[in-house]
Amino acid sequence: MTTILLARHGETEWNREGRWQGWADPPLNETGRAQARALAEQLRTTPFDAVYSSDLRRAHETAQIVGEPHRVPVVIGPGLREIDLGSWSGLTLSEIEARFRGAERPDGETREEHAARVLAAVERIARDNPGRRILLVTHGGTMRALHGHVSDEPFHPVENCGVLELHFRDDRLTTPIG
């Protein structure tokens with residue numbers, strides 16, 4: 001069994017402002033860096049063998065901070081990215097409602113496309129790390145997509161630098177008790 005610790009990146013100014021980030025690439029703010037250092041301390045005695053991260057810098061920087069005490073290099077890739085929000089990227093909910101008047105997003109990825117991309121990336125990473133504990137630093141929407149794949153329970157948004165645990169066994173992703 002492979003244990004996967006999914007961590008959400010630390011806070012950015014866009015998180016603080018309620019802006020939808022998607023594939024936009026704002027950096028961590030000082031609060032986000034402090035959250036990442038706190039997560040590094042929380043996980044200091046939790047061994048993990050590999051660290052993977054979305055290639056967006058808010059996730060990559062979080063992964064570097066959290067992985068540093070373990071002296072494990074960070075492998076980055078686009079498969080763990082947040083959903084591509086297209087024209088909604090960088091906007092607040094009120095700006096989206098004003099500009100798009102209740103319409104669906106006109107471009108970017110669908111939730112299904114995002115979930116398929118993320119699931120493929122996580123399953124590949126898990127197959128490359130059989131029997132290991134790995135840390136994946138990613139995004140809130142990505143965590144939602146993975147949770148939806150393994151559980152019928154309602155998803156509760158994960159705070160910045162919050163962690164979920166998943167398992168990969170018998171060639172499938174499951175919850176820890178699944």
Side-chain angles (χ1 to χ4, degrees), residues 1-12 14-15 18-26 32 35 39 43 46 48 50-56 58-60 62-63 66 75-93 96-97 100 102-130 132-178:
M1 176 185 73
T2 300
T3 300
I4 300 168
L5 302 176
L6 282 175
R8 184 176 177 207
H9 63 79
E11 183 184 85
T12 69
W14 283 22
N15 287 131
R19 296 194 178 281
W20 293 36
Q21 295 176 102
W23 284 11
D25 206 14
Q35 291 167 334
L39 180 58
L43 295 177
T46 302
F48 45 86
V51 180
Y52 291 81
S53 170
S54 158
D55 62 344
L56 297 174
R58 59 192 182 268
H60 184 217
T62 301
V66 176
V75 179
I76 62 171
L80 298 174
R81 274 186 179 192
E82 180 62 278
I83 190 169
D84 178 6
L85 295 169
S87 301
W88 287 12
S89 184
L91 302 178
T92 64
L93 186 56
I96 290 168
E97 289 171 353
F100 297 95
E104 293 293 315
R105 238 180 327 107
D107 52 11
E109 284 179 299
T110 66
R111 285 184 187 245
E112 294 77 20
E113 290 167 336
H114 175 240
R117 172 176 52 83
V118 169
L119 184 60
V122 171
E123 288 179 342
R124 179 190 48 76
I125 291 167
R127 286 185 189 105
D128 288 347
N129 291 278
R132 300 173 88 191
R133 177 179 284 136
I134 56 178
L135 174 68
L136 305 182
V137 181
T138 189
H139 307 273
T142 301
M143 294 173 85
R144 174 184 287 116
L146 291 167
H147 178 273
H149 178 75
V150 300
S151 176
D152 293 330
E153 295 295 316
F155 179 77
H156 301 287
V158 176
E159 296 294 320
N160 291 104
C161 285
V163 177
L164 296 177
E165 183 175 322
L166 298 177
H167 292 165
F168 188 77
R169 63 176 157 235
D170 301 326
D171 208 43
R172 69 184 198 95
L173 205 56
T174 65
T175 61
I177 58 171

Pair R105-L85, side chain to side chain contact (heavy atoms under 4.5 Å, CB included): steps then yes or no: CA-CA 7 Å; R105 238 180 327 107; L85 295 169; 3.8 Å; yes
Trace of the side chain to side chain contact (heavy atoms under 4.5 Å, CB included) decision for L164 with F155: CA-CA 11 Å; L164 296 177; F155 179 77; 4.2 Å; yes
Audit row: I125, F168, side chain to side chain contact (heavy atoms under 4.5 Å, CB included) steps and yes/no: CA-CA 10 Å; I125 291 167; F168 188 77; over 6 Å; no
Criterion side chain to side chain contact (heavy atoms under 4.5 Å, CB included) on V66 and L135, from CA distance to verdict: CA-CA 9 Å; V66 176; L135 174 68; 3.6 Å; yes
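For the residue pair H147/T175, the side-chain donor-acceptor check at 3.5 Å is not satisfied. Checked by atom type, the side-chain pair T138/H9 shows no donor-acceptor distance below 3.5 Å. Between the side chains of S87 and D107, at least one donor N or O lies within less than 3.5 Å of an accepting N or O.
Nearest heavy atom pair, residue L56 against residue G22, reads CD1-O, 3.6 Å. Nearest heavy atom pair, residue T110 against residue I83, reads O-CD1, 3.8 Å. Of all heavy-atom pairs between A7 and M143, the closest is C-SD, 4.1 Å. Closest heavy-atom contact between T2 and P130: OG1-CA, 3.4 Å. Heavy atoms only, all atoms of each residue included: T174 and R169 are closest at OG1-NH2, 3.8 Å. A pairwise comparison of heavy atoms in E11 and Q35 identifies N-OE1, 2.8 Å as the closest pair.
For N15 (side chain) and T12 (main-chain N/O), a donor-acceptor pair under 3.5 Å exists by modelled atom type. Between the side chain of T3 and the backbone N or O of R133 there is no donor-acceptor pair closer than 3.5 Å. For R8 (side chain) and G162 (main-chain N/O), no donor-acceptor pair under 3.5 Å exists by modelled atom type. In terms of modelled atom types and a separation under 3.5 Å, the side chain of S89 and the main chain of Q21 share a donor-acceptor contact. At least one donor-acceptor pair under 3.5 Å links the side chain of T62 to the backbone N or O of G10.
Ring-plane geometry between W20 and W88 is classed as perpendicular, the angle between the planes exceeding 60 degrees on a 0 to 90 degree scale with a lower cut at 30.
In this structure the side chain of N129 reaches within 4.5 angstrom of the side chain of Y52, judged on heavy atoms. No side-chain heavy atom of V51 sits less than 4.5 Å from a side-chain heavy atom of V75. Inter-residue side-chain proximity for L136 and L5 is flagged as unmet; no heavy-atom pair is nearer than 4.5 Å. At least one side-chain heavy atom of T46 sits less than 4.5 Å from a side-chain heavy atom of L43. Two residues are said to be in side-chain contact when any heavy atoms from C-beta on lie closer than 4.5 Å; R19 and L93 fail this criterion.
Here OG of S53 is found 7.0 Å from NE2 of H139. Values are rounded to the nearest 0.5 Å. Atom NE2 of H156 and atom CD of E153 lie 8.0 Å apart (nearest 0.5 Å). Note that CG of L166 is 9.5 Å distant from NE2 of H149, once rounded to the nearest 0.5 Å. Rounded to the nearest 0.5 angstrom, M1 CE and H167 NE2 are separated by 4.0 Å. With values rounded to the nearest 0.5 angstrom, I4 atom CD1 is found 4.5 Å from I134 atom CD1.
The number of heavy atoms from other shown groups lying within 6.0 Å of CD (E165) is above 12. Within a 6.0 Å sphere centred on CZ of R111, other residues, nucleotides and ligands contribute 12 heavy atoms or fewer.
Every pair passing salt bridge (charged side-chain N to carboxylate O under 4.0 Å, His left out) that includes a residue from residues 77-86 is listed here, sequence neighbours excluded: D55-R81.
With sequence neighbours excluded, the residues that form a ring-ring contact (aromatic ring centres under 6.0 Å, His included) with F48 are H70. With sequence neighbours excluded, no residue satisfies ring-ring contact (aromatic ring centres under 6.0 Å, His included) with W14.
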